[in-house]
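First up is the structure itself, then whatever we jot down about it.
Lettering follows sequence order; numbering is per chain, from 1. In this text the structure is predicted, and so the values were computed from the model without any measurement.
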Number of protein chains: 2
Amino acid sequence: MPPLKRPSAMRDTKPPASNPASELPHEATKAMPIALLRAREALMSRFRPMLAEHDFTSQQWRVIRLLNEHSTLDAAQLAEKAFILPPSLTRILANLETRDLVTRVQSSSDRRRYLFTLTTPGEEAFRKISPDRIKVYKEIEAYFGRDKINLLLSLLDELAQF
Amino acid sequence: MPPLKRPSAMRDTKPPASNPASELPHEATKAMPIALLRAREALMSRFRPMLAEHDFTSQQWRVIRLLNEHSTLDAAQLAEKAFILPPSLTRILANLETRDLVTRVQSSSDRRRYLFTLTTPGEEAFRKISPDRIKVYKEIEAYFGRDKINLLLSLLDELAQF
DNA sequence: ACAATTTAATTAACTTGTTAACCTTATAAC
DNA sequence: GTTATAAGGTTAACAAGTTAATTAAATTGT
């Protein structure tokens, strides 16, 4: 027997108190923030356990990954690329420095800036996790298809301009 | 003069250490989690200041909004609909109860459950904020278009199944 | 009826998100 | 050159995300 999702006998929704036509057509838009959250969670729930095995949060990992790609970045660049706010980034970098995965050197040309680099153990950690990471990417592509991924990405980018 | 986004003289990216063809095609997929984050932030950055004026976080508001729609929900239903994990929800509900916006009654049929309802001030808060909220929805639709919104939503829902 | 298992919600501990204030160094104005 | 202003990063305070452990009540098995 197919599961009853919403027996019409048990209605738990109030009729919208007073809903002029001008306010009705926003149902889709209203659902957008949570839809974005759910989609993201569907992805992250695959990455998180794998990263946790290596004692990384996804944000810590994002920083590691960016430093592997760019070798040296200052905090502002990291914040922009990883989409992490400065106060969070400060804590994350402090954590990674404590664990000897990342080092900082003060910029000589602008002494407000600090330049961050992976240590050798940091690079090793990156290499150690990468294969698992790629495995998950392949699963996602196998499920969703590369065309849909690109379409979705372009819609998301456009929305992000808003 | 168009801004130079990436003068080719200053390359800061390492060549990918060793990148067999099998590992190359994941660039798009790799960007997906952050693209979802950025798109969501583009929306939330409109709602947050407006909610903050009324002393609500977006999560608190989600709970208020759901209780307005459904009049009575238990914590499990709220967690599922608002996509908030139980420990966060416990704190949010405690906060809203302290502010007399929400009340709880213990379910008589299952005394592990608590049923939550908006108080009169809670309903007033909802009504007070609603017009601003709808204004933002309209801006989003004006910018993005309802068709794209529906397309995006269906892609997100499909991805969320993963 | 009783022990074992499951479920709803909470608590604990830690990390991150969010805003505002702050400190230090660069840059701009005069 | 000195003062004002801006920019990079950190600190502080509180809310929320995340995982694991806990408590109390319901359900299952026997």
Please state how far atom [atom1] in [X] lies from atom [atom2] in [N], giving the value in whole angstrom units.
X: Leu85(B); N: dA12(C); atom1: CG; atom2: C1'; result: 15 Å
X: Leu78(A); N: dG8(D); atom1: CG; atom2: P; result: 14 Å
X: Leu96(B); N: dA15(D); atom1: CG; atom2: C1'; result: 12 Å
X: Gln60(B); N: dC14(D); atom1: CD; atom2: P; result: 14 Å
X: Asn95(A); N: dA13(C); atom1: CG; atom2: P; result: 19 Å
X: Gln106(A); N: dT24(C); atom1: CD; atom2: P; result: 13 Å
X: Asp55(A); N: dT15(C); atom1: CG; atom2: C1'; result: 13 Å
X: Leu93(A); N: dT10(D); atom1: CG; atom2: P; result: 7 Å

Do Arg112(B) side-chain and dT7(C) base share a donor-acceptor contact under 3.5 Å? yes

Indicate, yes or no, whether a donor-acceptor pair under 3.5 Å links the base of dG17(D) to the side chain of Arg91(B). yes

Taking for each residue the nucleotide of DNA chain C bearing the nearest heavy atom, is the 5' side occupied by Asp110(A) or by Ile84(A)? Ile84(A)

For Arg113(B) and for Arg62(A), locate the closest nucleotide of DNA chain C by heavy-atom distance; then report the residue assigned to the nucleotide nearer the 5' terminus.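 Between the two, 5'-proximity favours Arg113(B).
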
Please work out if Thr57(B) contacts a base, only the sugar-phosphate, or nothing of the nucleic acid, heavy-atom cut-off 4.0 Å.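 Sugar-phosphate contact only - Thr57(B) comes under 4.0 Å of backbone atoms but never of a base.
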
Just checking Leu89(B): base, sugar-phosphate only, or nothing, at a heavy-atom cut-off of under 4.0 Å? nothing

Closest heavy-atom pair and its distance - Thr117(B), Ser71(B):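 Looking at all heavy atoms of both residues, the shortest contact is CG2-O, 3.3 Å.
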
Nearest non-hydrogen partners of Leu73(A) and Leu66(A), listed with the distance: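 For Leu73(A) and Leu66(A), the tightest heavy-atom pair comes out as CD1-O, 4.1 Å.
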
Taking only N and O in the side chain of [X], is any of them less than 4.0 Å away from OP1 or OP2 of [N]?
X: Arg104(B); N: dT10(C); result: yes
X: Arg48(A); N: dG17(D); result: no
X: Thr90(B); N: dT10(C); result: yes

Nearest to the side chain of Gln59(A), heavy atoms from C-beta on, is which of dT19(D), dA9(C), dT16(C)?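 In terms of side-chain proximity for Gln59(A), the closest of dT19(D), dA9(C), dT16(C) is dT16(C).
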
Starting the side chain at C-beta, find the nucleotide from dA20(D), dG17(C), dG9(D) nearest to Asp74(A). dG9(D)

If you pin Ser58(B) and Pro49(A) to their nearest nucleotides in DNA chain D, which one's is more 5'?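 Whichever sits nearer the 5' end wins; that is Ser58(B).
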
Look at Glu158(B) together with Lys148(A) and state whether they make a salt bridge at an N to O cut-off of under 4.0 Å. yes

Could you verify whether a donor N or O on one side chain and an acceptor N or O on the other, from Arg133(A) and Ser130(A), lie under 3.5 Å apart? yes

Is it the case that Arg99(A) places NZ or CZ above or below the six-membered ring of Phe56(A), under 6.0 angstrom from the centre and within 45 degrees of the axis?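 Yes.
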
